[in-house]
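The structure under discussion appears below in the form of C-alpha cells.
So you know, we letter chains A, B, ... as the sequences are listed, proteins then strands, and number each from 1.
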There are 2 protein chains.
Amino acid sequence: MTQLDLDARLAGTANAVPPNAVPANRVGRPLDLTRDADILDAALDVLAEEGFDGMTIDMVAARAKAGKATLYRRWPSKTELVIDAVACMKNSDLNLNDLPDTGTLRGDFIAMMKPAPIRDASQKLRVMAGLVSLIARNPDLAEAARAAVIAPRAEINRRFLQRAIDRGELSADIDIPLVSSISPSMITYRTMMLGKPVDRDYLITVLDKIVLPAAGLGQ
Amino acid sequence: MTQLDLDARLAGTANAVPPNAVPANRVGRPLDLTRDADILDAALDVLAEEGFDGMTIDMVAARAKAGKATLYRRWPSKTELVIDAVACMKNSDLNLNDLPDTGTLRGDFIAMMKPAPIRDASQKLRVMAGLVSLIARNPDLAEAARAAVIAPRAEINRRFLQRAIDRGELSADIDIPLVSSISPSMITYRTMMLGKPVDRDYLITVLDKIVLPAAGLGQ
DNA sequence: AAGTTCCGAAACTGCTTAGTTCCGTATATA
DNA sequence: TATATACGGAACTAAGCAGTTTCGGAACTT
C-alpha cells in the first residue's frame with residue numbers, strides 16, 4: 001500500500017491536488033514522505049473501527065506513531081485527512097488491465113472471489129459504513145468515497161458484462177449499470193444492515209440465483 | 001403517529017420496557033403524555049437530517065418546542081432516546097394483516113409502490129443512514145433499527161413470495177430470504193452509496209429485471 | 001388554598017476533542 | 001559549523017455538547 005500510495009501521489013492520480021506536493025529545493029530537514037502513507041493507513045484503520053465521528057486525531061497519530069503536529073503540517077483538517085485517506089484506498093485495487101478472463105461470465109465472477117479481494121472489499125465496506133452519515137452532507141467526501149470504493153467495483157462488473165456481450169454469451173440489450181450494481185448492493189446490505197458476514201458461499205449464491213438470472217442466464 | 005405510538009407504548013409492544021410507564025395515581029401535575037410522541041418525532045427528523053453524531057439534544061428539544069429537562073425526565077440519555085425513536089418507527093408501517101392481494105406476485109409488489117409508502121421508506125432509510133456507523137458498535141441500537149426498518153420490509157416481501165408459492169405461481173424451492181432481500185438491498189445501495197433518488201420507475205425496473213427473474217419468473 | 005409535580009427556558013458544569021504552540025532532538029543545506 | 005526545517009511528544013486553547021440545576025409559572029390532588 002505504501003508504495004502504491006506514493007506512486008499515485010507522485011503521478012498525481014490520487015487527488016486533483018496532491019496533499020503534499022514535493023516542495024521546491026530548500027534548506028532544512030525535508031519532509032519524510034514515508035510518513036504520509038503510514039498516517040493515511042492509520043486513519044483508514046481507525047475509520048473502519050470507530051467511524052468518522054468516533055475517530056479522533058489523537059487515535060490516528062498514536063496508531064501511526066506520529067505527533068499531531070505532523071498530521072496538521074500535512075493536512076489542514078480532520079475532514080481533509082479523511083478525504084485523502086479514502087481517496088488512497090482506490091490504489092489498493094486490482095488493476096483493471098489485468099482482470100481475469102476465463103471465457104465465461106460466471107467464471108470471471110468466480111475468479112474474483114479470492115480471500116484477499118474479499119478481505120480488501122470488507123475493509124473498504126467498514127470504512128464506508130463509518131462515512132455513510134456524512135456522505136449525504138459532504139459532497140467532497142461523497143465524491144472521494146464513490147471514486148475509491150463504489151466506482152472500481154462497479155467498473156469491474158461492467159467490463160465482465162461487456163465482454164460477455166461481445167463474445168455473444170449475453171444479449172446486448174441487458175441493463176449493464178443495473179446488473180453491475182446487484183452484487184455490490186447485496187453485499188453492502190448484508191454487511192451494513194443485517195450485520196452478517198459475506199463469505200464465498202454467499203457470493204456464489206448471489207451470483208447464481210440473482211446476477212446470472214438477471215443477465216438472462218437461467219441455470 | 002401519535003396515536004399509534006401511544007397505543008404501542010400502552011400495549012408495551014414498542015419496547016420491552018416502555019420509557020414512561022403510566023404512573024400510579026399520585027398528586028401533582030401529571031406527565032403530559034402527548035409530549036413523548038412530539039419529542040420522538042423531532043428526534044427522527046433531526047436524526048434523518050444530521051445523523052446520530054450531528055444530532056444534539058438541544059436541536060431535538062427546540063424542534064419539539066420542549067425543554068431539555070423534559071427530555072431527560074423521560075429518557076436517561078441521548079442514546080436511549082434514539083433507540084426509542086427508532087423503535088417507534090416500526091408502528092408507522094402498513095399493517096401486515098391488510099397487505100394488498102392482487103393475485104399475482106408482480107401485482108402485489110406494484111401495489112406497494114404508492115407515493116406514501118415510498119416517502120415513508122425513504123425517511124426510514126435516511127434515519128438508518130445516520131445510524132449505520134453506530135450499528136456496528138451498539139447492539140441495542142442495531143436490534144432496534146433492524147426490528148423497525150429492516151424486518152418489516154423483508155417480512156412483507158416474504159409473505160408475497162410465500163403466497164405466490166402457495167397459489168402455485170412460484171416454485172417451492174426458491175430462496176425466500178435471499179429474494180426478499182433483493183429490493184431492500186438495491187434501494188439501500190442506490191440511496192446511501194450512489195446518492196441517487198429511488199422512484200417508482202426504478203422500483204419497477206428492479207422488480208422486472210432482477211426480483212422476478214430471481215424468483216423464476218422470466219419475462 | 002396548600003402542597004406537589006409538571007412545563008419550557010436558560011444558566012451552568014464537566015468532559016471531550018479539533019486545532020495550536022512549544023520543546024528537545026534529528027536531519028538536511030550552505 | 002551555522003541555519004533552517006522536520007520530527008515525536010506534550011501542554012495548551014477554544015468550542016461544542018451531554019447532562020444537571022434552577023426558575024417562574026401552570027396543572028393537578030386533597
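Both tests do not hold together for A/Lys196 against A/Tyr189: distance to the six-membered ring centre under 6.0 Å, angle to the ring axis within 45°.
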Readout for nucleotides 11-25 of chain C: B = base within 4.0 Å of protein heavy atom, S = sugar-phosphate only, - = neither; 5' to 3' it is ------SSBBB----
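For residues 135-152 of chain A, there are no side chain to side chain donor-acceptor pair (under 3.5 Å) pairs, not counting sequence neighbours. Sorted by first then second residue, the salt bridge (charged side-chain N to carboxylate O under 4.0 Å, His left out) pairs that include residues 43-62 of chain B, not counting sequence neighbours, are B/Glu49-B/Arg63, B/Asp58-B/Lys68.
Where B/Gly28 and B/Thr70 each meet DNA chain C at their nearest nucleotide, the meeting point lying more 5' is that of B/Gly28.
Straight-line distance from the CD1 atom of A/Ile39 to the C1' atom of D/dG8: 11 Å, rounded to whole Å. Atom pair B/Trp75:CH2 and D/dG19:P shows a separation of 14 Å (rounding to whole Å applied). To the nearest angstrom, C1' of D/dA4 lies 13 Å from CG of A/Leu31. Taking atom CG on A/Asp32 and atom P on D/dG8, their separation rounds to 8 Å, with Å as the unit.
Using a 4.0 Å cut-off, some side-chain N or O of B/Arg26 falls inside it from OP1 or OP2 of C/dC6.
A 6.0 Å sphere centred on CZ of A/Arg35 holds more than 12 heavy atoms belonging to other residues, nucleotides or ligands.
Ring to ring, B/Phe160 and B/Phe109 are close: their centroids are under 6.0 angstrom apart.
Of all heavy-atom pairs spanning B/Thr102 and B/Ala111, the tightest one is CG2-CB, 4.2 Å.
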